[in-house]
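Nothing fancy with the numbering, it's 1 onward along the sequence.
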Amino acid sequence: MYFLIISLVLGLIFLLIFLIKRKNGANPQALILKTLTSGFFILTALAGICLNVMRSGLVPEYGVFVTIGLMASLFGDVFLDLKMIYSNSEKLYTVSGFMCFAIAHVFYIAATMCERLFVSYWLLAVSFAVALIVAVLSATGAVKKLMKLDYGQYSFIVSVYVFILLLDCLVGVSAVIDPLINRSELSYRAILRCAGLILFTISDAILCQTYFSKGKDGPGYIISNHLTYYLGQFLIAAAVSFTQIAV
């Protein structure tokens with residue numbers, strides 16, 4: 001438990017230092033701090049795995065899937081900053097970043113799916129349908145016009161990512177709603193994961209404005225994007241440690 005607390009505290013300290021460096025734009029020093037901060041949410045998940053091993057003697061599948069997702073996110077973090085540092089390879093790093101985060105969300109979904117207490121099939125169907133509808137609207141221009149966005153050459157990869165991101169978030173929310181509807185056991189893990197995924201989605205909505213809209217790349221957008229992202233990731237990572245029943 002002490003290692004978990006230490007990794008969380010150090011991660012938040014590095015996050016604050018990173019935000020101070022990053023508010024004036026991407027640079028190699030900020031990238032190093034960003035990578036270190038991302039490393040701490042991986043350590044937080046690993047600490048959770050260790051706690052589970054000490055409790056039960058078994059390595060939890062949930063923790064393994066989440067850790068892989070966090071590692072993919074770290075690579076995504078690096079690629080998306082490299083695209084701003086090395087603008088001549090912007091497309092390569094942007095697509096690579098989107099792919100890494102898409103992979104991360106696939107593993108987060110797999111982590112939720114491997115839990116014993118899972119959502120009803122109708123909630124899964126609704127989550128899939130809503131994510132698909134929003135992704136299609138995003139691809140056809142309805143969302144772009146509403147939010148005044150211009151995806152340019154990234155329209156397809158953005159639409160695919162929007163689908164995977166929303167599916168992950170909605171599955172996480174459903175895993176909290178389902179026990180409340182059926183009056184079954186609700187775990188702290190599900191609550192923390194749900195909160196983390198909502199913050200992650202908010203972060204990406206802000207990032208979308210920063211990348212694909214004009215005049216929305218100032219310090220306020222940068223700080224709010226990274227703050228919601230890292231708080232979300234740390235909640236997802238910390239959820240690995242919790243198995244207690246909340247309700």
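Counting only residues at least two apart or on different chains, the side chain to side chain donor-acceptor pair (under 3.5 Å) pairs with a member in residues 195-207 are Tyr161-Asp204, Ser203-Asn225.
Under the ring-ring contact (aromatic ring centres under 6.0 Å, His included) criterion, Phe128 pairs with Phe163, not counting sequence neighbours. Residues that satisfy the ring-ring contact (aromatic ring centres under 6.0 Å, His included) test with Phe65, not counting sequence neighbours, are absent from this structure. Evaluation of the ring-ring contact (aromatic ring centres under 6.0 Å, His included) rule for Phe107 yields no partner, not counting sequence neighbours. Partners of Glu61 according to the salt bridge (charged side-chain N to carboxylate O under 4.0 Å, His left out) rule, which considers only residues two or more places apart in sequence or in another chain, do not exist here. Checked against ring-ring contact (aromatic ring centres under 6.0 Å, His included), Phe14 has the following partners two or more places apart in sequence or in another chain: Phe40.
Cluster annotation: Leu231 is not connected to Leu16 through the hydrophobic network of ILVMFWY side chains, with a link wherever side-chain heavy atoms come within less than 4.5 Å. Residues Leu82 and Ile32 share a single hydrophobic cluster, defined by chaining ILVMFWY side chains whose heavy atoms lie under 4.5 Å apart. Hydrophobic cluster membership is shared by Val66 and Val53, with clusters built from Ile, Leu, Val, Met, Phe, Trp and Tyr side chains linked at under 4.5 angstrom.
Defined by atom type and a distance below 3.5 Å, a donor-acceptor pair is present between the side-chain atoms of Tyr229 and Asp77.
Ring planes of Phe234 and Phe41: perpendicular class, angle over 60° (limits at 30 and 60°).
The shortest distance between side-chain heavy atoms of Leu70 and Thr44 does not fall below 4.5 Å.
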